[in-house]
Amino acid sequence: MTTGEPQLTPRGSDLVDKGLAGGKVGTFAGAVLGVSCVAPGYTLTASIGLIVAAVGLKMPAIFIAGFIPMFLTAYAYRELNSRAPDCGASFTWSTKAFGPYVGWMCGWGMVLATIIVLSNLAAIAVEYFYLFLSQLLGIPGIDDLADNKAVNIATTLVFIALATYISSRGISTSEKLQYGLVGFQMVVLVLFAGMAIYKSVTHPATFDGQTLSESFSFDWFNPLHGIAITAFVVGLTGSIFAFWGWDTCLTLGEESKDPQKTPGRAGLLAVITILGTYLLVSVAVMMYAGVGDKGIGLGNEDNGENVFKPLADPVLGKWLGLLLFLAIFASSAASLQTTFLPAARAMLAMGAYGAFPKRLASVHPRYLGPTYATVVAGVITAVFYAVMKVVSEKALMDTVAALGIMICWYYGITAFACIWFFRRELFDNTKNIVYKFICPLIGGVILVLVFVISVGEAWAAGPVLTEVDVAGHPINLHAPGVVFYISVGLLLAGAVLMYVQRSRHPSFFRGETLSRETPPLTDDLEQVP
């Protein structure tokens, strides 16, 4: 591996060339990698139960509500990337806008989010791996292996190791693998949705003589009616989680064919594709299974962490149902591999600028990728998953909720970073007003509000402790829940690590490696050979 001397990229900028393979990723390929990282099949499996438990039949409205801040923030990412393409993405831009301390914490949140979702992806992959084997071999007991903690953890570690190995071999290997995996899962999801809608009309689902299926209603898409504010925020947190990962396109800026334009276009294409998929599948499953708490109903707690398991056979039949299990496994496995891309590249950038240990800035001389950072991300993911599986009875749901909080943290900082980064030119023309000011402002405000309310909900979700005051009257106190410790606890741990890093390598925190200056306009950029 080699690090080399940092090379300035655009004239007048202190962004450095990190030695990644340039000119590899086009708009379509970037969008495919973004969709793969989001993993619609896996994400719907993990989020439908959480969203339905909060808002019931308003699930499509919540997906739309979650799409709005993501779409608006995507413009902030696009504008920032067009001026300062860098694999550090949110970390780099927030540092240049607000300075090293905010930038470090933003980067830390970004790394944490990827580690959390990697562990979550591995959990889904393991569950559907054993489900697929059970159905294929006709041996019901095999799918129970996913519930055995020892077997589950061991299998998950194998999957993480395989994904780490593939990701460490560079962007070209990742890109080629994703075309087949993403295409397969999207075709199967569309087939499943079509069959579910058809059967909701021709063969409605029942339980104990009661019809579970629902008739389609446009009211499902209205987020302004029939939802309590706390339920709305909980559902919105799950929805924001459902869109996480599209910004992978932006971390590949230095490896794109047109670093200033390709990543932003790919990100917008990925977000819109994902929204269409979510709305189609959410409407289909509600029409067929309903949101009740009996049988295959989406509100049944037994189905909360895996809504497709009870729906596969009734909707598709035994053998086509196998395709659904295989598609969800492929979705989570594909995303497990592509999610290493933003994790490793964020760590690479933070290492290159001195925010993380310099060893993380090394690039493999053959694969031209951050192999060392990828391996580190894999090891941390494995440890995090093993610990979560042991300490939490609802590891999947807890990590989904915690991830929503992490996403709001670093996406929100990035949205406001866009406004401050371009503050001197915000009102130069209408385009700047819309894309560099209004869109990031609205998206950022929504994300901040969701972050604050979600943290409050996470605090109140813990056990109630009863104390007695001096007069002998009982007082009920809320202890923090697991989600609070995962999200806020890890953010606070990051603040401690930041000061440890500052004491060892102070140059980044003095603004010597990444300064608070705005690179010149795109037309003035001059790539250094």
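This is a predicted model, so every value here is computed, not measured.
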Contact summary for [X] and [Y], nearest pair of heavy atoms:
X	Y	result
F184	A330	CD2-CB, 4.1 Å
P40	V35	CD-O, 3.5 Å
I160	G378	CG2-O, 3.6 Å
V285	L311	CG1-CD1, 4.0 Å
I115	A377	CD1-O, 3.7 Å
A196	A284	CB-O, 3.8 Å

Using 0.5 Å steps for rounding, measure from the [atom1] atom of [X] to the [atom2] atom of [Y].
X	Y	atom1	atom2	value
I438	Y75	CD1	OH	12.5 Å
Y198	H203	OH	NE2	6.5 Å
F384	I486	CZ	CD1	5.0 Å
L490	I116	CG	CD1	6.0 Å
D208	K294	CG	NZ	8.5 Å
S282	I64	OG	CD1	8.5 Å

So, do [X] and [Y] sit near enough that their side-chain heavy atoms are less than 4.5 Å apart?
X	Y	value
L57	S217	no
E127	D143	no
M347	T374	no
I197	Y288	no
V271	L275	no
T43	V38	yes
F221	M59	no
L441	L72	no

Practice problem: For side-chain contact (heavy atoms from CB on, under 4.5 Å), just list the numbers for K58 and W220, CA-CA rounded to whole Å, side-chain angles, deciding distance to a tenth of an Å, and then say yes or no. | Solution: CA-CA 5 Å; K58 292 290 186 175; W220 295 349; 5.8 Å; no
Practice problem: List the steps, then state whether ring-ring contact (aromatic ring centres under 6.0 Å, His included) holds for F308 with F325. | Solution: CA-CA 8 Å; F308 288 130; F325 292 151; 9.2 Å; no
Self-check item: Check against side chain to side chain donor-acceptor pair (under 3.5 Å), Y385 and N152
Solution: CA-CA 10 Å; Y385 179 80; N152 185 294; 2.3 Å; yes
I'd like to know if the side chain of [X] and the backbone of [Y] have a donor-acceptor N/O pair within less than 3.5 Å.
X	Y	result
S134	L131	no
S332	F329	yes
S331	A327	no
T273	L269	yes
Q185	G41	yes
K199	G194	no
S454	F451	no
N300	G295	yes
S36	V182	no

Exercise. Apply side-chain contact (heavy atoms from CB on, under 4.5 Å) to I380 and V111, showing your working.
Key: CA-CA 11 Å; I380 296 173; V111 172; over 6 Å; no
Practice problem: Decide yes or no on side-chain contact (heavy atoms from CB on, under 4.5 Å) for E301 and D293, but give the supporting numbers first. | Solution: CA-CA 7 Å; E301 290 186 0; D293 59 1; over 6 Å; no
Practice problem: Could you pull out all residues at least two apart from D313 that satisfy salt bridge (Lys or Arg N to Asp or Glu O under 4.0 Å)? | Solution: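 Per chain and number, D313 pairs via salt bridge (Lys or Arg N to Asp or Glu O under 4.0 Å) with no residue.
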Practice problem: Assign the ring pair F243 / F67 to parallel, tilted or perpendicular, where the plane angle (0 to 90°) is split at 30° and 60°. | Solution: tilted
Self-check item: Plane angle bin for F218 and F216 - parallel if under 30°, tilted between 30 and 60°, otherwise perpendicular
Solution: perpendicular
Practice problem: For W108 and F91, run ring-ring contact (aromatic ring centres under 6.0 Å, His included): C-alpha distance rounded to whole Å, both residues' side-chain angles, the deciding distance at 0.1 Å, then the answer. | Solution: CA-CA 8 Å; W108 174 250; F91 155 74; over 10 Å; no
Quiz item: Taking atom types as modelled, is there a side-chain donor on N148 or Y130 under 3.5 Å from an acceptor on the other?
Solution: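 On atom types as modelled, these side chains do not qualify, holding no pair under 3.5 Å.
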Quiz item: Does the side chain of S90 pick up a donor-acceptor pair with the side chain of Y411 at under 3.5 Å?
Solution: no
Practice problem: Before giving the answer on ring-ring contact (aromatic ring centres under 6.0 Å, His included), spell out for F63 and Y278 the whole-Å C-alpha distance, their side-chain angles and the decisive distance to 0.1 Å. | Solution: CA-CA 7 Å; F63 275 130; Y278 287 169; 5.1 Å; yes
Quiz item: In a check of side chain to side chain contact (heavy atoms under 4.5 Å, CB included) between F132 and each of L137, I142, L322, which one passes?
Solution: L322
Self-check item: Intermediate values then yes/no, side-chain contact (heavy atoms from CB on, under 4.5 Å), W409 and L112
Solution: CA-CA 11 Å; W409 170 263; L112 281 180; over 6 Å; no
